[in-house]
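Worksheet for the structure shown next.
Predicted, not measured: the structure shown is a model, and the values here were computed from it.
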Amino acid sequence: MTQNSPPLVLPPGLARAIATLPDKDRHRLDDTVTRLHTVNGHLWGTEDRVRGASLSAAQVADCKRAIDQLNAERNVLAERADEVLGSLADAGRADAPLHTETLATVVDRLSVLTLRIWHSEQAAARNELTRRRVPALHGQREELCAALDTLVSDIVAGRRRLPVPARFKLYGRDAAAPAEIKPSRHLRRVIAFGGLSECGKSTSAEFVQRTCGAQRLKIGFLLRQAAHREGLADPYALSARRQAELLLGELNRFADAHVDTRLFTIESVHDDASIVELKQLMGDTLQIVYLDASFAVRVERSGTQAQAVAAKDEVKMSRGAHQVAALADHVIDNTGSIAALRSRLRRIAAPPTVTALRVATPYGLGLPAAVASATADFTDAVRAYGPGVRLVALTGSPGEGSWIAGWSDLDLLVVAEHEAIGRVHKALEQYRTALGGAASLGPTLVTPGELSARRLTPRLAFVLHQLQQGSPVLHAAPDLKLPTISRDELALAAVRELPQVILTMRRLRADAGPATLRQLYKHLVLACRLLLREHNQWESGPDRILTAASRMPGLANLSVPSLAEISSAWRDGDTDRAFKPVVAAVDQFLTWYAIQLAA
């Protein structure tokens, strides 16, 4: 219904007949009749506007287009209502007299009459002739309701039959009407933000844009673009369905022009009717997020007077902004911490998915027998903790099959619920004891919530990517969900991580000595790996990484001994022969890097 319009009350006989329908049909009919009455309300208002003397020619043309669109929608809804109402008829009486119109046509007349009564009552105080008509209009409504109940009774009993409900209205369209608009294949995911004033809509959309690469759009901008494209002066005068079609059309055009964009946000949702229609058109492609916060919190955040916030709320609520909460896919209580808000937003923007991981035993990773045995015991111990431990994996060189005794660390990833971390600590103590001096253990403990909220270091993001590419794990819960990490994300992470690695390399270089050989070499390899990743080159293995980095423009060949030679020298305590070429390569790389950023 339009704002302040009367509800449509069906006569008791029809209401009782509808109550006998299956729940699904009854709910579908209730929704369709409500929308039909709403469209009639918009149609009445638009016809009133077009009669206004102050309208420009463009505004009159716009109203005429809106009237055509509303009438077309009115007929579609009436046909949809007749599809359900027709099931009330007794199909066994084909010889029954034919009624002249369908049940939905009578309901549509009742809707229009209800609106006529309401508008007449509003005008009665100003016009004596209109006031005298009001009782007659009420009489007409009583007669129409009685006639409709009688018709329903006759139809149910088989004493009358209904005509074919199809109306075949064109309203300026070709006989072969275009199919209902659908989301473009390039429009993969859209998040719509709603809520009252100062609830955090813009802040949330900006965060999703910055962290998830979303394209941020305004609903008002999209509607104005669509109106300009179709020659409409005021898109807000159109029905909710038509507004939704215009919005989806613009989103499709934008997505088709930006095919690499996987996520869009739109704001702000202030109209519950049009967002319902858009959701019906888009399905799960559209995720509606309603941000909720108390009035006191919103006033405090605004930095303005309570009256100013209340005034903005009143405008938004008049359009149905507060009712979006009941329609939303996600309602977020935005009175807590920023961390909690951002965690929810990341899960919505990039939901984790169940990932098929390759499970292997420690004995298949090329580890010495003692190390493999200790690793198997640890895995069995944490697996026995039940669902609290979600994932166990050796990452880096064990996963790549290049672990070297006496040189490589055991980089261990454990994903466990926070409540289980204490027990994991005890298992790690036993693991270290069992390893003795055979290997240095470097555990990373993370909770599932941190992963799904994408609170990830660049290193952890790369590890997850490697696991999803087939690197083995030692244990994975069957319903484990992990964030999908793309190469584009890793390239951006490399940009953020490389500066820290460079600073660490300079610190190590300042304290360089044979004892720092291992750290210097590993940071040189890591810096080269990140640099290559930034250039979309994905090499693995230190020797191949250093060779590929040597081909970077302006970076001459890095003369570094092979990993086998360096690790052998390290284990034998003969670091002098490997130390000088590694230091020379580090100096060469740092000089090159400084030159790249000096311009």
Side-chain angles (χ1 to χ4, degrees), residues 205-216 258-265 338-339 342-343 345-346 349-350 352 395-396 399-400 411 413 444 446 450-469 471 482-509 519-542 544-556 558 560 585-599:
E206 183 181 1
F207 173 76
V208 173
Q209 178 188 40
R210 187 175 67 252
T211 60
C212 303
Q215 177 66 55
R216 184 180 172 192
H258 302 80
V259 295
D260 292 331
T261 302
R262 306 187 68 85
L263 178 64
F264 294 85
T265 66
I338 292 292
R342 290 177 172 177
S343 172
L345 292 174
R346 290 301 294 266
T395 64
E400 296 172 355
D411 294 322
L413 172 64
T444 297
V446 62
E450 291 170 62
L451 294 185
S452 62
R454 289 179 174 258
R455 291 279 178 153
L456 311 174
T457 63
R459 166 66 182 165
L460 183 54
F462 178 68
V463 166
L464 293 176
H465 176 77
Q466 291 295 87
L467 297 182
Q468 291 163 350
Q469 295 303 305
S471 291
L482 297 176
T484 300
I485 309 297
S486 68
R487 285 193 171 187
D488 288 342
E489 290 177 88
L490 292 181
L492 290 174
V495 175
R496 295 193 296 269
E497 188 180 10
L498 183 56
Q500 181 60 53
V501 174
I502 295 295
L503 294 178
T504 304
M505 283 178 64
R506 288 203 181 99
R507 176 176 57 78
L508 292 170
R509 178 64 182 88
Q519 286 182 290
L520 271 173
Y521 176 80
K522 289 198 170 188
H523 277 80
L524 174 63
V525 172
L526 177 57
C528 289
R529 185 175 214 163
L530 293 173
L531 181 67
L532 291 170
R533 205 180 293 169
E534 190 175 348
H535 287 76
N536 200 31
Q537 296 183 47
W538 300 84
E539 292 290 351
S540 61
R544 297 182 62 179
I545 288 171
L546 293 174
T547 299
S550 297
R551 295 193 290 267
M552 295 295 297
L555 185 59
L558 295 171
V560 183
V586 167
D587 288 341
Q588 182 183 350
F589 183 89
L590 291 175
T591 300
W592 175 86
Y593 185 77
I595 292 172
Q596 304 310 303
L597 304 185

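- The two residues Val525 and Ile545 have their closest heavy-atom pair at O-CG2, 3.7 Å.
- Rounded to the nearest 0.5 angstrom, Arg459 CZ and Thr444 OG1 are separated by 7.5 Å.
- Atom CZ of Arg346 has more than 12 neighbouring heavy atoms from other residues, nucleotides or ligands inside a 6.0 Å radius.
- The CD atom of Gln469 sits 11.0 Å away from atom CD1 of Ile485, with the distance rounded to the nearest 0.5 Å.
- Summarising the geometry, atom CZ belonging to Arg529 is positioned 12.0 Å from atom NZ belonging to Lys522; distances are rounded to the nearest 0.5 Å.
- By the ring pair (Phe, Tyr, Trp, His ring centres under 6.0 Å) test, His258 is found to be paired with Phe254, residues two or more places apart in sequence or in another chain being considered.
- Minimum interatomic distance between Pro458 and Glu497 (heavy atoms only, all atoms of both residues): CB-OE1, 3.2 Å.
- Scanning both residues, Gln209 and Ala214, for their nearest heavy atoms gives CG-O, 3.3 Å.
- Taking all atoms of both residues into account, the shortest heavy-atom contact from Pro553 to Trp592 is O-NE1, 3.0 Å.
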Check: Given Leu467 and Leu413, is the side chain to side chain contact (heavy atoms under 4.5 Å, CB included) satisfied, shown in steps?
Finding: CA-CA 11 Å; Leu467 297 182; Leu413 172 64; 4.2 Å; yes

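- Relative to the six-membered ring of Phe462, Arg533 meets both conditions, a distance below 6.0 Å and an angle of at most 45° to the axis.
- Using a distance-only test at 3.5 Å, with no hydrogens or angles considered, no donor-acceptor pair links the side chain of Ser343 to the main chain of Ala339.
- Tested against Leu464 for a side chain to side chain contact (heavy atoms under 4.5 Å, CB included), the candidates Leu490, Leu456, Thr484, Thr395 yield a single pass: Leu456.
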Checklist line | Evaluation steps, side chain to side chain contact (heavy atoms under 4.5 Å, CB included), between Thr504 and Gln500 | finding: CA-CA 6 Å; Thr504 304; Gln500 181 60 53; 3.5 Å; yes

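- Looking at residues two or more places apart in sequence or on another chain, you find a salt bridge (charged side-chain N to carboxylate O under 4.0 Å, His left out) between Arg454 and Glu489.
- Atom CE of residue Met552 and atom OH of residue Tyr593 lie 11.5 Å apart, to the nearest 0.5 angstrom.
- Not counting sequence neighbours, Asp488 has no partner by the salt bridge (charged side-chain N to carboxylate O under 4.0 Å, His left out) test.
- More than 12 heavy atoms of other residues, nucleotides or ligands sit less than 6.0 Å from atom CZ of Arg216.
- For the pair Gln468 (side chain) and Pro483 (backbone), a donor-acceptor distance under 3.5 Å is present.
- When all heavy atoms of Leu558 and Cys528 are compared, the closest pair comes out as CD1-SG, 4.1 Å.
- Here Leu530 contributes atom CG and Arg496 contributes atom CZ; the two are 11.5 Å apart, rounded to the nearest 0.5 Å.
- Separation of atoms NE2 (His523) and CE (Met505) is listed at 8.5 Å; rounding is to 0.5 Å.
- Within the 4.5 Å cutoff, side-chain heavy atoms of Leu546 are placed close to those of Tyr521.
- Trp538 approaches Ala491 most closely through the heavy-atom pair CH2-N, 4.4 Å.
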